[in-house]
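In what follows, every heavy atom counts, from backbone to side chain, and hydrogens, waters and symmetry copies are set aside. Every chain is numbered from 1 and lettered A, B, ... according to where its sequence line falls, protein lines coming before strand lines.
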Amino acid sequence: MKESKRLTMTVVTRFAPSPTGFLHIGGARTALFNYLYAKHTGGKFLLRIEDTDRERSKQDAVDAIISGMKWLGLDCDGDPISQFERAGRHAEVAHDLLAQGKAYKCYCTPEELSAQRATAKAEGKPMRYNGMWRDRDQSEAPDGVDPVIRIKAEQTGATTIEDKIQGSVTVSHAEIDDFVILRGDGTPTYMLAVVVDDHDMGITHVVRGDDHLTNTFRQMQIYSALGWDKPTFAHMPLLHGADGKKLSKRHGALGIEAYRDMGFLPEAVNNYLLRLGWSHGDDEIISREQAIEWFDLGDVGKGAARFDMDKLTSLNAHYIREASNDRLTDMTWPFIEEKLEGKTSSGGRDWVLNGMNSLKDRAKNMLELAESAEFYARPRPLEMNPKALKMLSEEGIENLKQFRAILSDVTDWTGENLNATAKQFGEDAGVKMGKIAQPLRAALTGTNVSPGVFEVMSILGKTESLGRIDDALNAQTLNN
RNA sequence: GACCCCUUCGUCUAGAGGCCUAGGACACCGCAUUUUCAUUGCGGCAACACGGGUUCAAAUCCCGUAGGGGUCACCA
């Protein structure tokens, strides 16, 4: 019965970050997997902000998380839920448990407990609350202490969960103490809040980092006491830095917006994150649509993965090549305008757009793309970088001058024809192509690296091309 | 320390007892193409942590060992 019900039940997943900072790359991966699983099953993907710790929760962080998810295209169903705002409900559940005798008030002070903990640690024993108030009469309660509410955890037996990723995992109840569910000030602890919220939100699949795996067994105690259905769990392996150590804020974990600022495209980040821990045979380039179709929790690996910038970069280069010229130009142009302080040539934007096909083959990220596109937008006369200057040696200038003369008579100003013209000139003059193309490149772009010079000339058009060549010839004549 | 999880090329991974003299991708190294830089194509280097079992047969199953990670709060 239960099984058939589950089969037809709509899947509901959630991403539940705490707003203590930016959306870091590991969190983004968790969000992605939750999103993908929900979409794969035709279910819902919800966002819950775990902001019960008022000291550490910041509105800035909430905004950063939401904008990061938006950038990645991980849209959640419905409005984000604030856990803090549900504190009343959490307290209600705790008191319910209290009334049913499944939880009890504990009057130990934090000081007493930390003293106990210190002793336990000194003796090399694990700190577990000893249950001193579990069966103690309330009349013995000391004055002036706000009690916490602790759950009456099972003391014998064990709990086994069938984790979708980790498989069957069992923990003995001897490992679980009567932990606090409601603090002295009446606010819920994380353990209570997650369980109540996941239940109330109708979460069917809890997909989270495996740092929560052992917590799950504590949460199971709450589910049992409440008599609630338990969701299916899937604990995904954590992300490590390039050195194999856990990724943390002070250790290589950057906010998702940092990757955007480094010039990564969201589809590249998505594809990269997807392949970290999940795979579908030998497939590497996987679109969002394809990912939704293929993704399943059973295909997630168990081992932790290291973050590899090189692979992300290569994926990014791939997606830049796939992106439309319009989109790339829209993204690139603001960088160019800023760099040139608004002083761009009038045809600049069109030239960048028209040259995009070959510019994008050469870029690993958007910053590089903007940089390599810049020469199209620079106003005349172009500044020459040192290597360009070197190509405009006496010999280079001489070749350029001769070729310039031929160029003025060219009417069919296409890359193809310009190329053929240069070849012919080279043969006639006994000059190698490189000796013609390199000085030309310098004159046209001010640099030593660019797309094919004849393509550049055709995009720039005859007037601009000849103008740039003349600028170079004049400048060198003055210098020499 | 206790408990839990993990372990295939440098990295991400394929692999669900014979198809594996272990496949793909990134990185790296060659070669080809070439007006620079890229792209592209081809080729190369390179791994089943270790030790015991089980089996006709193990990267795949079992048990140890080692290494790595996680959790042990009135944080989330």
Side-chain angles (χ1 to χ4, degrees), chain A residues 16-20 50-53 55-57 83 106 108-110 113-114 117 120-121 123-129 146-150 163 166-167 169-172 174-177 179-185 187-191 193-194 209-218 235 237-238 240 242 244-246 272 275-285 301-315 317 321 358-364 372 387 391 419 422-423 426 432-442 445 447-454:
Chain A
S18 53
T20 54
E50 310 226 314
D51 50 358
T52 53
D53 185 340
E55 300 272 305
R56 298 204 296 161
S57 295
Q83 188 161 66
C106 164
C108 292
T109 63
L113 290 170
S114 61
R117 217 176 350 262
K121 196 174 180 184
E123 290 169 3
K125 288 179 191 159
M127 165 55 195
R128 270 192 282 278
Y129 175 68
D146 288 330
V148 299
I149 296 180
R150 288 179 183 272
D163 192 283
Q166 302 295 337
V169 183
T170 301
V171 167
S172 163
E175 301 297 326
I176 299 166
D177 65 355
F179 57 94
V180 175
I181 55 175
L182 202 71
R183 299 188 187 102
D185 64 1
T187 61
T189 60
Y190 164 76
M191 291 298 167
V194 226
D210 85 19
D211 48 341
H212 288 285
L213 184 56
T214 50
N215 283 336
T216 306
F217 294 89
R218 258 170 262 283
H235 288 94
L238 264 20
H240 286 180
K245 299 227 172 89
K246 188 194 175 184
Y272 178 66
R275 285 287 290 102
L276 240 37
W278 177 88
S279 62
H280 182 269
D282 285 339
D283 295 300
E284 296 286 350
I285 304 294
K302 296 182 177 185
R306 296 187 192 205
F307 189 85
D308 179 15
M309 197 61 115
D310 283 340
K311 188 142 185 182
L312 205 208
T313 300
S314 117
L315 242 14
R321 273 175 255 137
S358 39
L359 288 172
K360 67 187 181 185
D361 275 355
R362 295 165 164 75
K364 301 258 181 270
S372 68
K387 285 183 178 167
M391 291 188 278
N419 194 0
K423 265 201 183 115
K432 286 195 171 185
M433 187 60 110
K435 297 287 186 188
I436 306 165
Q438 285 300 80
L440 250 188
R441 188 186 315 283
T445 71
T447 71
N448 57 315
V449 175
S450 80
V453 277
F454 304 111

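Taking atom CG of Leu276(A) as the reference point, atom C1' of U11(B) lies 10 Å away to the nearest angstrom. In this structure, Trp278(A) atom CH2 and A14(B) atom P are separated by 10 Å, rounded to whole Å. Taking atom CZ of residue Phe454(A) and atom P of nucleotide U34(B), one finds them 14 Å apart after rounding to whole Å.
Within 4.0 Å (heavy atoms only), Met191(A) reaches at least one base atom of the nucleic acid. Contacts of Asn448(A) with the nucleic acid, taken as non-hydrogen atoms under 4.0 Å apart, include base atoms. Residue contacts shown for Val148(A) include a base, since a base heavy atom lies under 4.0 Å away. Using a 4.0 Å heavy-atom criterion, one finds that Gly303(A) contacts the sugar-phosphate atoms exclusively. Within 4.0 Å of Gln83(A), counting heavy atoms only, lie sugar-phosphate atoms of the nucleic acid but no base atom. Across all strands shown, Pro237(A) has no heavy atoms under 4.0 Å from either base or sugar-phosphate atoms.
Here Arg56(A) pairs with Asp53(A) under the salt bridge (Lys or Arg N to Asp or Glu O under 4.0 Å) rule; sequence neighbours left out. A search for side-chain contact (heavy atoms from CB on, under 4.5 Å) contacts involving Ser172(A) returns Ala174(A), Glu175(A), not counting sequence neighbours. Partners of Gln83(A) by side-chain contact (heavy atoms from CB on, under 4.5 Å), not counting sequence neighbours, listed by chain and number: Arg48(A), Glu50(A), Asp51(A), Thr52(A), His90(A), Ala193(A), Asp197(A). The side-chain hydrogen bond (donor to acceptor under 3.5 Å, both in side chains) test applied to Asp283(A) returns His280(A), not counting sequence neighbours. Every residue meeting the side-chain hydrogen bond (donor to acceptor under 3.5 Å, both in side chains) condition with Ser358(A), not counting sequence neighbours, appears here in chain and number order: Glu455(A). Residues passing the side-chain contact (heavy atoms from CB on, under 4.5 Å) test with Thr214(A): none are found, sequence neighbours excluded. With sequence neighbours left out, Arg275(A) forms a salt bridge (Lys or Arg N to Asp or Glu O under 4.0 Å) with Glu284(A). Every residue meeting the side-chain hydrogen bond (donor to acceptor under 3.5 Å, both in side chains) condition with Asp185(A), not counting sequence neighbours, appears here in chain and number order: Thr187(A). Take Thr216(A) and apply the side-chain hydrogen bond (donor to acceptor under 3.5 Å, both in side chains) test, not counting sequence neighbours, and it matches Arg208(A), His235(A).
Ser372(A) and Arg362(A) form no side-chain donor-acceptor contact under 3.5 Å, judged by distance and modelled atom types alone.
Residue Arg441(A) places a side-chain atom within donor-acceptor reach of the base of U35(B), judged by atom type and a 3.5 Å distance cut-off alone. In this model, no side-chain donor or acceptor of Asp308(A) finds a partner on the base of A27(B) within 3.5 Å.
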Hey, what are the protein-to-nucleotides 61-67 of chain B N/O distances that come in under 3.5 Å?
none

Show the distances under 3.5 angstrom between N or O atoms of the protein and N or O atoms of nucleotides 31-33 of chain B.
none

Can you give me the N/O atom pairs linking the protein to nucleotides 22-24 of chain B at distances under 3.5 Å, or say none if there are none?
from: G23(B); atom 1: N2; to: Asp282(A); atom 2: OD1; distance (Å): 2.9
from: G24(B); atom 1: N2; to: Arg275(A); atom 2: NH2; distance (Å): 3.4
from: G24(B); atom 1: N2; to: Glu284(A); atom 2: OE2; distance (Å): 2.8

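One finds the CD1 atom of Ile436(A) at 10.5 Å from the NZ atom of Lys423(A) (value rounded to the nearest 0.5 Å).
Taking side-chain N and O atoms only, Arg362(A) has no distance below 4.0 Å to OP1 or OP2 of U36(B). In this structure, Lys302(A) does not reach the C4(B) phosphate: none of its side-chain N or O atoms is under 4.0 Å from OP1 or OP2. For Thr52(A) and A76(B), the shortest distance from a side-chain N or O to OP1 or OP2 is below 4.0 Å. Here Ser279(A) reaches the OP1 or OP2 of A14(B): one of its side-chain N or O atoms lies under 4.0 Å away.
Comparing atom distances between the Asp210(A) side chain and each of A76(B), C5(B), G68(B) picks out C5(B) as nearest. In the set C3(B), A38(B), A76(B), the nucleotide with an atom closest to the side chain of Arg56(A) is A76(B).
A 3.5 Å limit on both hydrogen-bonding distances identifies no Watson-Crick or G-U partner for A47(B). Across every strand in view, A2(B) sits in a pair with U71(B) that passes the Watson-Crick or G-U test at under 3.5 angstrom.
For Tyr190(A) and His212(A), the ring centers are positioned less than 6.0 Å apart.
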